[in-house]
Amino acid sequence: MHNFILARVDKALSEGLDPSALRTRFPPEPNGFLHLGHAKSICLNYSVAERGDGAAMNLRFDDTNPEKEEQTYIDAIREDVLWLLNEDGKAKQLADLPSFGVERFASSYFEEIYQAARQLINKGLAFVCSLTPEEMTQTRGTLTSPGQNSPYRDRSVEENVKLFEAMRNGEFEDGQHTLRAKIDMASPNINMRDPILYRIRRTEHHQTGAIWPIFPMYDFTHPISDALEGISHSLCTLEFEDHRPLYDWVMREVDFATLGAPDVPALPVQIEFARLNLNYTVLSKRKLKRLVDENIVNGWADPRMPTIAGMRARGFTAKALNHFCRMIGVTRSDAVVDVSTLEFAVREDLNERAPRAMCVQDPLKVIITNYPEGQTETLDAARHPQNPDFGTRTVPFSREIYIEADDFREEANKKFKRLVLGKEVRLRNAYVIRCVDCVKDAAGKITELHCEYDDKTLGRDPEDRKVKGVIHWVSAAHAVPLTLHLYDRLFSEPLPEANKDVDFLEGLNPNSLQIVEGALGEASLAQDGGGFPLQFERTGYFIAAGPQAPGVYYRTVALRDTWAGGADDNG
RNA sequence: UGGGGUGUAGCCAAGUGGUAAGGCAGCGGGUUUUGAUCCCGCCACGCGUUGGUUCGAAUCCAGCCACCCCAGCCA
């Protein structure tokens with residue numbers, strides 16, 4: 001992995017920065033589940049932590065807004081970060097990861113942040129403002145015109161101290177006062193127009209309970225938290241670029257030594273990078289939350305969701321996600337990555353690790369008329385075509401089998417490589433059969449096929465002719481019934497958020513989930529305990545839904561299909 | 001129209017004055033008991049645009065254009 005941030009880190013290292021002083025943090029707010037965009041950030045932050053001996057990445061819950069945050073999100077985030085960074089599954093907890101530092105909460109620093117505010121008040125750099133929210137908005141100015149000073153801007157240090165303490169003691173109602181930095185109401189950067197540092201929220205906080213009726217804002221909390229953790233590189237997304245002057249202002253004006261900050265070679269620096277966008281989906285917690293709240297999906301971990309938990313449920317691997325993050329790079333330009341890149345990363349990993357099996361989604365009965373009735377033979381089939389270490393499984397073969405209905409045509413052109421009336425095809429892992437008859441019901445619907453097998457074609461090709469097609473099948477008497485969940489992109493619009501005048505839900509794909517009942521899997525699937533990906537040959541990668549839904553498989557991703565494009569010419 | 005950013009192929013993305021890496025997608029071919037995998041080949045006379053500097057410019061300079069972010073007591 002290489003990018004402009006790592007380049008900057010390497011440069012600092014080459015200029016003498018002690019590798020053990022390298023420290024990053026991943027700072028999610030626990031107000032939703034982590035998604036692919038967070039995976040990019042985690043991957044980046046962790047890659048910096050892997051640059052040197054003693055370097056580390058912290059996990060810090062940025063929990064300064066109790067109204068939107070929940071313990072359940074904290075638990076989910078912790079699980080997702082561990083899963084993502086624990087590709088080999090060896091670590092039992094975050095602390096076991098080689099380059100992981102510590103887990104913290106911004107709320108762990110509420111006392112220090114409060115003291116920092118006191119410092120600023122004492123330096124005359126912060127004041128208690130009693131403007132109403134409406135007045136605050138009115139006096140902030142606009143993008144093109146300066147704001148006006150608050151009438152409370154010149155309160156004495158003593159009065160500010162007294163009021164701020166009263167705020168802390170819970171003596172005021174929500175919104176009655178705020179603590180503001182005294183910077184410059186005429187700054188062209190709106191973030192510097194006397195930004196709010198603290199607001200009153202008499203709400204129970206998931207970590208600190210009722211002890212704090214006031215909560216620091218992100219812009220004040222973040223630099224202080226970074227300094228207290230000895231963060232060297234504070235990586236965030238582009239929209240925070242305008243906040244960097246404020247970040248640096250806090251760094252400059254607060255005396256961190258008296259707050260107990262570690263002795264580090266330098267103050268943290270904030271570096272911004274472009275957030276991830278993926279087409280045919282949305283990557284914003286606010287929008288994903290709507291999908292959950294409006295029951296458009298089945299929770300944050302719905303396999304269609306681009307959340308870490310959703311993708312995990314669907315069978316994506318941590319390795320694939322990390323690989324994807326390395327593939328897309330890290331830059332400062334807005335980019336929309338094509339889903340095909342993600343699918344490639346997933347297939348690449350699954351191809352290596354998924355044992356093969358056969359499953360017929362839309363069964364069509366085939367009777368092998370020249371095969372003895374009542375006979376069953378067990379055929380050996382490799383679990384992986386390229387890797388013998390996977391071993392073999394046994395596949396029962398008998399007189400009645402099922403094949404995929406779509407693998408048969410009464411007539412077809414030469415491009416069609418599957419079974420055609422009067423022609424031959426190879427049954428995967430078994431014999432070559434020839435279709436001799438096609439039985440239909442009164443409505444003309446094909447109900448079963450009569451075929452003959454060539455008993456000299458097990459494990460070898462016929463000598464006098466070429467059979468090019470191979471199809472999958474299951475033995476009728478041994479097949480296990482399965483239910484398949486086939487997922488498609490959640491949105492049919494490539495950029496659901498592109499048009500600001502149209503609700504992004506308008507772009508939803510109504511067929512993002514197709515449930516296939518009555519699929520038939522090969523006998524060995526009865527023993528599948530789940531927990532690892534499978535490839536159903538010729539169709540896709542699947543993973544068992546789990547013990548609470550036996551026989552249900554989720555399709556992780558379909559196999560690449562170079563034939564699909566010519567489907568209108570497929571005979 | 002204030003401030004901050006970004007423009008290299010259909011999508012990502014290297015490149016930092018010496019003559020356009022790589023990946024995805026796509027296309028063509030080979031191997032194949034998965035139309036998968038794997039392998040080989042093709043895919044930017046041009047880097048938003050117009051000028052300028054230079055022996056030489058995606059890289060330096062100037063102008064212009066397009067797009068993104070900022071007016072939460074959200075992060």
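Keep in mind that the numbers below use all heavy atoms, side chains included, and drop hydrogens, waters and symmetry copies. Quick note on labels: first sequence line is chain A, next is B, and so on, each numbered from 1.
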CG on A/Asn279 to CZ on A/Arg489, rounded to 0.5 Å: 7.0 Å
Euclidean distance for C1', B/rC65 against B/rG72 (whole angstrom): 33 Å
Chi-based syn or anti call at B/rG4, which uses purine or pyrimidine torsion atoms and a 90° bound: anti
C1' gap between B/rG23 and B/rG15, integer Å: 16 Å
Euclidean distance, atom CZ of residue A/Phe542 to atom C1' of B/rU34 [Å, nearest integer]: 14 Å
Spacing of A/Ile200 atom CD1 relative to B/rC74 atom P, expressed in whole Å: 12 Å
Stem segments of RNA chain B by first residue number [Watson-Crick or G-U, under 3.5 Å, at least 3]: B:2-7 with B:65-70, B:10-12 with B:22-24, B:26-30 with B:38-42, B:48-52 with B:60-64
Basic-acidic side-chain contact under 4.0 Å: A/Arg393, A/Glu522: yes
Separation between the P atoms of B/rG7 and B/rC47, rounded to whole Å: 15 Å
Nearest-nucleotide 5' precedence on RNA chain B, A/Arg199 against A/Arg560: A/Arg560
Among B/rC12, B/rC11, B/rA71, the one nearest A/Arg140 by side-chain distance: B/rA71
Between B/rC12 (P) and A/Phe273 (CZ): distance, integer Å: 17 Å
Non-hydrogen side-chain atoms of A/Leu288 and A/Trp300 separated by less than 4.5 Å: yes
Rounded distance in Å between the P positions of B/rU53 and B/rC69: 38 Å
Sugar-phosphate, base or nothing in reach of A/Ser340, heavy atoms under 4.0 Å: sugar-phosphate
Whole-Å P distance, B/rG46 and B/rA9: 13 Å
Rounded interatomic separation in angstrom, taking CG from A/Asn191 and P from B/rC74: 14 Å
Touch class at under 4.0 angstrom, heavy-atom based, for A/Val336 against every strand present: sugar-phosphate
Minimum-distance nucleotide to A/Met217 side chain [options: B/rG23, B/rC73, B/rU6]: B/rC73
Sugar-phosphate only, base, or nothing, as touched by A/Ser187 at under 4.0 Å among non-hydrogen atoms: nothing
Distance, rounded to the nearest Å, where A/Phe240 contributes CZ and B/rC70 contributes P: 10 Å
Touch class at under 4.0 angstrom, heavy-atom based, for A/Ser333 against every strand present: sugar-phosphate
N/O donor-acceptor pair under 3.5 Å between A/Asp461 side chain and A/Val467 backbone: no
Donor-acceptor pair under 3.5 Å, A/Arg538 side chain vs B/rU34 base: no
Touch class at under 4.0 angstrom, heavy-atom based, for A/Ile328 against every strand present: sugar-phosphate
Ring centre gap for A/Tyr431 and A/Phe397 strictly below 6.0 Å: yes
Nearest to side-chain heavy atoms of A/Glu239, which nucleotide of B/rC69, B/rC70, B/rG72: B/rC69
Sugar-phosphate only, base, or nothing, as touched by A/Arg193 at under 4.0 Å among non-hydrogen atoms: nothing
Test item: side-chain donor near acceptor, A/Ser225 and A/Arg104, under 3.5 Å: no
Selection from B/rC73, B/rG35, B/rA25 that lies nearest to any side-chain heavy atom of A/Lys417: B/rG35
Proximal nucleotide (of B/rU34, B/rA75, B/rG23) relative to the A/His243 side chain: B/rA75
Rounded distance in Å - CD (A/Glu272) to P (B/rG5): 9 Å
Proximity to the side chain of A/Leu143 - top-ranked nucleotide from B/rC11, B/rC70, B/rA36: B/rC70
Under 3.5 Å donor-acceptor, A/Thr457 side chain and A/Val432 backbone: yes
Under-4.0 Å salt bridge between A/Glu463 and A/Lys456: no
Touch class at under 4.0 angstrom, heavy-atom based, for A/Thr457 against every strand present: base
Distance, P atom - from B/rU32 to B/rC39, rounded to whole angstrom: 16 Å
A/Tyr198 side chain to A/Tyr114 backbone, donor-acceptor under 3.5 Å: yes
Test of ring centre spacing under 6.0 Å for A/Phe240 and A/His222: no
Sugar-phosphate only, base, or nothing, as touched by A/Gly469 at under 4.0 Å among non-hydrogen atoms: nothing
Distance between P atoms of B/rA58 and B/rU50 (Å, rounded): 13 Å
base_contact_polar (B/rG3 base, A/Asp242 side chain, donor-acceptor, <3.5 Å): yes
Interface with RNA chain B, restricted to residues 349-358 of chain A and to heavy atoms under 4.0 Å: A/Asn351, A/Arg356
Spacing between A/Phe4 atom CZ and B/rU6 atom C1', to the nearest angstrom: 12 Å
Minimum-distance nucleotide (side-chain atoms of A/Thr341 versus B/rA14, B/rC24, B/rC70): B/rC24
Whole-Å gap separating C1' (B/rU34) and CG (A/Leu559): 7 Å
Sugar-phosphate, base or nothing in reach of A/Tyr218, heavy atoms under 4.0 Å: base
Of A/Leu238 and A/Asn65, the one whose closest RNA chain B nucleotide lies more 5': A/Leu238
Euclidean distance for P, B/rU6 against B/rA14 (whole angstrom): 13 Å
Test: A/Arg201 and A/Glu67 ion pair at under 4.0 Å: yes
Closest to the A/Gln535 side chain, choosing from B/rG2, B/rU34, B/rG35: B/rU34
Sugar-phosphate, base or nothing in reach of A/Glu29, heavy atoms under 4.0 Å: sugar-phosphate
Sidechain N-carboxylate O distance under 4.0 Å for A/Lys285, A/Glu29: no
Candidate nucleotides B/rU34, B/rG2, B/rC73, ranked by approach to the side chain of A/Glu537 - the nearest: B/rU34
Residues A/Glu424 and A/Arg465 bridged, charged N to O under 4.0 Å: yes
Sugar-phosphate only, base, or nothing, as touched by A/Ala430 at under 4.0 Å among non-hydrogen atoms: base
Sugar-phosphate only, base, or nothing, as touched by A/Thr139 at under 4.0 Å among non-hydrogen atoms: nothing
Touch class at under 4.0 angstrom, heavy-atom based, for A/Arg428 against every strand present: base
Base of B/rG35 and ring of A/Trp563 stacked, centres under 5.5 Å, planes under 30°: yes
Which nucleotide in B/rU33, B/rA36, B/rU6 has an atom nearest any side-chain atom of A/Pro385: B/rA36
A/Glu272 and A/Arg244 ion-paired at < 4.0 Å: yes
